[in-house]
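Worksheet: one structure, shown below.
Atoms within each ligand, like the ligands themselves, are counted from 1 in listed order.
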Amino acid sequence: MARDGAVYACQSCGAVQTKWSGQCPACGAWNTLVEELTSSRPPGALKPARGTKGRHLAFEGLDQVTPAPPRIATGVSEWDRVCGGGVVPGSAILVGGDPGVGKSTLLLQVAAEAARRGSRCAYISGEEAIEQVRSRAQRMGLADAPVKLAAETSLRAIIDGLKAEPFDLVVIDSIQTMWSDNHEAAPGSVTQVRAAAGELVRLAKKGTMAVILVGHVTKDGAIAGPRVVEHMVDAVFAFEGERGYPFRILRGAKNRFGATDEIGVFEMGDAGLAEVKNPSALFLNTSGERAAGAAVFAGIEGSRPVLVEIQALVAPSAYGTPRRAVVGWDSGRLAMILAVLEARCGLGFGDKDVYLNVAGGLRISEPAADLAAAAALASSAFDVALPQDCVVFGEISLSGEVRQVSRMDGRMKEAAKLGFRRALGPADVEKPALAYTGASRLADAIQRIHDGAWGDPT
Ligand code: TYD
Ligand code: MG
């Protein structure tokens, strides 16, 4: 018989098994199951005596009034925007991202700015020594902020420290470096990450202290650690950015206290992260002419319109298997657009290499970008440039129709502000803010790009 409470957690996918085996039945990885000793009762809980009744459960109605949660406005407004108006006391937030993307920089800034505004903040680093954190803060011009620093990885020491002194906001950087002596597994293992996060979240829920956990996640999600705590926390934010570009985007993936489609935009510079309050023109190449193969997509990120250039290159393939490479967009979506262009518009790419790039290091997930990607591809294939002052939006269906997308008016108004005068999009749009070319079918839009007959916008 298995020992009481002994289970085996996969260090790769986080799945829990009752029996050890060499290969994880859930994800197929080898030698990843590690014994985890758990007790079915919380430590210290007494075994209920026979026949005792549980606590009486008091039900409430939906119509009873709950006051809106108070918020800690940190003063980093792009951060507060993604939180839904500031950090909620007693909540737990997980911030994930690639190593080196700037998570420590962002959260040091958040803690320091909140401390300057009177919140009691602590920044606990398990990765860097205090001197390192301090010298970074100096470089970022935050040396005067009354934020308390600690370098510690022992969960017991951290919990005791946080119980002894009241804080409003605590940053734990990173959850993968924390270890609890209740568990034998190595720091960074699924067992330790889950245990550490569990204890910290429990501490937060008991009082008004908000905890922000930092977790390293790679693009393909290869590090399982932080993913196993996603369900414990109130909000999960992803901090994204491409190496070589200064722009960083904080994206809400889960938020119990706000909208999840909100983004915060930052620019990494010598003095830390600068907030980008109006990002609409940030990803636009404004210098020089737009060549064949470029289309400006009028997108919406969160609540704000963002214009971004989509670049395509279609070139004869030198090898039997043509290449498809895409940066900043979904490769499955590209394959779909290529198939629709081939089947519905007679534009074949079977013997061509296709490259698609979203300028500025932004990642687009909106289906509204379909038509802009198709326009860029067609423009490159025909070697005909789109009008310089034209923006494109619209979703493409497998049948080759161009569908309407949300907030078309907002997209066009923002484009008009930035000097664009034309738009190409789905048909039947009422009162467009720009000289508008509507296409109900993709083939019509492609024909228009081929002919280059756009007329003069009035
Ligand atoms: P960091 O916050 O340490 O990343 P993470 O915690 O996500 O691993 O940031 C690392 C990068 O940020 C590093 O390559 C240097 C760069 N950086 C700047 O360019 N300017 C700055 O002011 C700071 C603090 C960092
Ligand atoms: Mg770091």
Contacting atoms of ligand 1, where contact means under 4.0 angstrom from a heavy atom of G269: 18 (C), 19 (O), 20 (N), 21 (C), 22 (O)

S317 and D353 side chains, donor-acceptor separation under 3.5 Å: yes

Proximity of D270 to ligand 1 by residue part, where a heavy atom lies under 4.0 Å: backbone

Heavy atom of S174, distance to ligand 1 below 4.0 Å: no

Ligand 1-proximal atoms of K103, by part, heavy-atom distance under 4.0 Å: both

For ligand 1, the portion of A271 having any non-hydrogen atom under 4.0 Å away: backbone

Ionic contact status for R290 with E309, cut-off 4.0 Å: yes

Pairing of R139 and D270 as salt bridge, 4.0 angstrom limit: no

Distance filter under 4.0 Å to R136 heavy atoms, resulting ligand 1 atoms: 1 (P), 2 (O), 3 (O), 24 (C)

Any E127 side-chain heavy atom under 4.5 Å of Q132 side chain: no

E275 and R81 ion-paired at < 4.0 Å: no

Pairing of D234 and K205 as salt bridge, 4.0 angstrom limit: yes

Per-atom contacts, ligand 1 versus G272 - under 4.0 Å to a heavy atom: 21 (C), 22 (O)

Pair F297-L362, side-chain contact (heavy atoms from CB on, under 4.5 Å): steps then yes or no: CA-CA 12 Å; F297 167 50; L362 187 72; over 6 Å; no

Protein contact for atom 15 (C) of ligand 1 (heavy atom, distance under 4.0 Å): no

Taking atom 2 (O) of ligand 1 as the reference point, the nearest protein heavy atom with its distance: T105 OG1, 2.6 Å

Residue-ligand contact D98/ligand 1, heavy atom below 4.0 Å: yes

Test: R202 and E199 ion pair at under 4.0 Å: no

Any G97 heavy atom less than 4.0 Å to ligand 1: no

Identity and separation of the nearest protein heavy atom to atom 11 (C) of ligand 1: G100 O, 3.5 Å

Heavy-atom side-chain proximity of F167 to V211 below 4.5 angstrom: no

Heavy-atom check, side chain of R71 versus side chain of V87, under 4.5 Å: no

Count of N, O or S atoms belonging to protein, less than 2.8 Å from the Mg ion (ligand 2): 1

Heavy-atom protein neighbour under 4.0 angstrom from atom 21 (C) of ligand 1: yes

Protein heavy-atom partner closest to atom 12 (O) of ligand 1 - residue, atom, separation in Å: M268 CE, 3.3 Å

Those atoms of ligand 1 less than 4.0 Å from some heavy atom in R139: 21 (C), 22 (O), 24 (C)

For atom 4 (O) of ligand 1, closest protein heavy-atom neighbour: G102 N, 3.2 Å

Mode of S104 contact toward ligand 1 - side chain, backbone, both, neither (heavy atoms, under 4.0 Å): both

Min side-chain heavy-atom separation R324-S331 under 4.5 Å: no

Flag for D80-T74: side-chain donor and acceptor within less than 3.5 Å: yes

E240/R251 salt bridge by N-O under 4.0 Å criterion: yes

Side chain to side chain, M412 and F420, heavy atoms closer than 4.5 Å: no

